[in-house]
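To start, the structure under review is shown below, and the notes come after it.
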Amino acid sequence: MQIQKSYCTPFTTYRNGTPMAPCGAIANSMFNDTIDLFYNLNSSVIQVPLLKTGNSWWTDKNVKFRNPKSYNLSSAFAGTARPPYWQKPVYLLDEEDERNNGYVNDDFIIWMRVSAFATFRNLYRRVRRIRQFADGLPAGNYTFHFPVTRFKGRKHVILSTVVWSGGSNPFLGIAYVVSGTAATLTGFVITAIHLKLRKKKTYFQK
């Protein structure tokens, strides 16, 4: 297994020379918490079924990220070690679904999509549309189970409706409208100035 050191520094190999898989600071800091959502219906508590696959982009899952070719992942990653902050190796990220393991794990793929800002949002799960959740989350009381240890930062759980264009965050939409309007107005102004100067140039030539 070859590692591009320029992309992985300083989390490339251990002191004994064993390569890290996956390597790099982004992979090493991967979000690995467990979030459970419960629906409080009368006197009963129902765990909301969540989908842990199908959350990444098709191109990432089928083009950008690939597992080493081998009859099983454990042998494919033989001779490597997990990153320092990981609790288990990459080939055991999803012990229930072999197709969602290794480098093609949805959580890993989404985490490796680098954000431009220090404050960012990542898609964690989607609601599985079955039983009383066939139309989404019904109105009522919900409880989160989100165990977090102390660290230098803050975490939030956001419930949002995701469509083909992304989440229900109005910032990008507003930014695009404002930028587009400003660009259109600038184009009209520049066109008017150009036409006015062209008329003056023709007059001076005569």
Side-chain angles (χ1 to χ4, degrees), residues 1-38 47-116 118 120-130 133 144-158 160 162 166-167:
M1 181 177 293
Q2 296 181 348
I3 297 177
Q4 295 290 337
K5 293 185 178 181
S6 59
Y7 297 115
C8 296
T9 304
F11 297 95
T12 306
T13 59
Y14 286 94
R15 292 183 179 179
N16 61 0
T18 303
M20 299 180 190
C23 63
I26 299 174
N28 183 51
S29 62
M30 179 179 167
F31 178 88
N32 59 3
D33 288 346
T34 301
I35 302 174
D36 294 317
L37 180 61
F38 297 92
Q47 184 170 3
V48 179
L50 302 176
L51 294 171
K52 57 183 177 181
T53 57
N55 301 320
S56 59
W57 296 344
W58 185 91
T59 51
D60 286 344
K61 190 85 171 181
N62 296 276
V63 179
K64 186 176 180 180
F65 289 84
R66 280 279 190 266
N67 279 328
K69 293 182 179 180
S70 180
Y71 63 92
N72 63 57
L73 283 181
S74 60
S75 63
F77 286 97
T80 66
R82 57 182 173 81
Y85 294 169
W86 283 33
Q87 299 176 353
K88 51 188 175 182
V90 65
Y91 53 84
L92 292 180
L93 288 179
D94 189 347
E95 301 181 47
E96 299 177 357
D97 187 355
E98 184 65 25
R99 296 171 300 177
N100 189 40
N101 237 327
Y103 291 154
V104 296
N105 176 265
D106 272 39
D107 291 338
F108 175 73
I109 292 174
I110 293 173
W111 181 260
M112 294 300 292
R113 196 180 300 150
V114 184
S115 174
F120 57 91
R121 288 167 48 170
N122 279 339
L123 177 62
Y124 179 70
R125 293 289 184 269
R126 292 180 298 119
V127 176
R128 186 179 181 187
R129 302 296 185 97
I130 58 173
F133 306 104
F144 277 109
H145 182 241
F146 185 20
V148 180
T149 56
R150 180 175 296 182
F151 73 107
K152 295 180 180 179
R154 289 186 293 179
K155 295 180 182 180
H156 304 272
V157 177
I158 300 174
S160 177
V162 179

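Note: hydrogens, waters and symmetry copies are ignored here, and every other heavy atom, side chains too, is used. Residues: numbered from 1 along the sequence shown.
- Note that the CZ atom of Arg113 and the CG atom of Asp60 stand 5.5 Å from one another [nearest 0.5 Å].
- Summarising the geometry of Met112 relative to Phe65, their closest heavy-atom pair is CB-CZ, 3.9 Å, with the distance given to 0.1 Å.
- A distance of 6.5 Å separates CZ in Arg128 from CG in Leu51, rounded to the nearest 0.5 Å.
- Of all heavy-atom pairs between Lys61 and Arg66, the closest is O-NH1, 4.0 Å.
- In this structure, Asn67 contributes its side chain and Leu73 its backbone to no donor-acceptor pair below 3.5 Å.
- Put simply, NE2 on His145 and CG on Asp33 are 11.0 Å apart, with the number rounded to the nearest 0.5 Å.
- Tyr103 OH to Lys64 NZ: the interatomic distance, rounded to the nearest 0.5 Å, is 14.0 Å.
- A side-chain donor-acceptor contact under 3.5 Å links Asp106 to the backbone of Gly54.
- Taking the six-membered ring where the residue is Trp, Phe146 and Phe31 present tilted rings, their angle falling between 30° and 60°.
- The side-chain hydrogen bond (donor to acceptor under 3.5 Å, both in side chains) test applied to Glu96 returns Lys52, not counting sequence neighbours.
- Side chains of Pro19 and Thr12 form no contact here, defined as non-hydrogen atoms less than 4.5 Å apart.
- When the side chain to side chain contact (heavy atoms under 4.5 Å, CB included) test is applied to Phe144, the partners found at least two apart in sequence or on another chain are Ile35, Leu37, Val157, Leu159.
- For Tyr14, there are no ring pair (Phe, Tyr, Trp, His ring centres under 6.0 Å) partners at least two apart in sequence or on another chain.
- A pairwise comparison of heavy atoms in Asn101 and Val90 identifies OD1-O, 3.6 Å as the closest pair.
- Between the CG atom in Leu123 and the CG atom in Asn55 there is a gap of 4.5 Å [rounded to 0.5 Å].
- Residues passing the side chain to side chain contact (heavy atoms under 4.5 Å, CB included) test with Arg129, sequence neighbours excluded: none.
- Side-chain contact between Glu95 and Lys88: present, with at least one pair of heavy atoms (C-beta onward) separated by less than 4.5 Å.
- Residues Ser74 and Asn72 come closest through the heavy atom pair OG-OD1, 2.9 Å.
- Between Phe120 and Trp111, the gap from one ring centroid to the other is short of 6.0 Å.
- In this structure, the separation between CG on Asp36 and CG on Leu50 is 7.5 Å, given to the nearest 0.5 Å.
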Using a 3.5 Å cut-off and no angle test, enumerate the donor-acceptor pairs between side-chain atoms of residues 20-29 and protein atoms at least two apart in sequence or in another chain.
from  : atom 1 : to    : atom 2 : distance (Å)
Asn28 : OD1    : Tyr85 : N      : 3.0
Ser29 : OG     : Ala25 : O      : 3.2
Ser29 : OG     : Ile26 : O      : 3.1

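- Annotation for Arg99: atom CZ does not count as buried by contact number, only 12 or fewer foreign heavy atoms lying within 6.0 Å.
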Q: Using the side-chain contact (heavy atoms from CB on, under 4.5 Å) rule, take Leu92 and Phe77 through it: C-alpha gap first, then chi angles, then the decisive distance, then the call.
A: CA-CA 11 Å; Leu92 292 180; Phe77 286 97; over 6 Å; no
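- Residues passing the side chain to side chain contact (heavy atoms under 4.5 Å, CB included) test with Asp107, sequence neighbours excluded: Met30, Asn105, Arg125.
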**Q.** side-chain contact (heavy atoms from CB on, under 4.5 Å) assessment of Arg121 paired with Ser115
**A.** CA-CA 8 Å; Arg121 288 167 48 170; Ser115 174; over 6 Å; no
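- For the pair Ser56 and Ile109, the tightest heavy-atom approach, listed with the atom from each and the gap, is CB-CG2, 3.9 Å.
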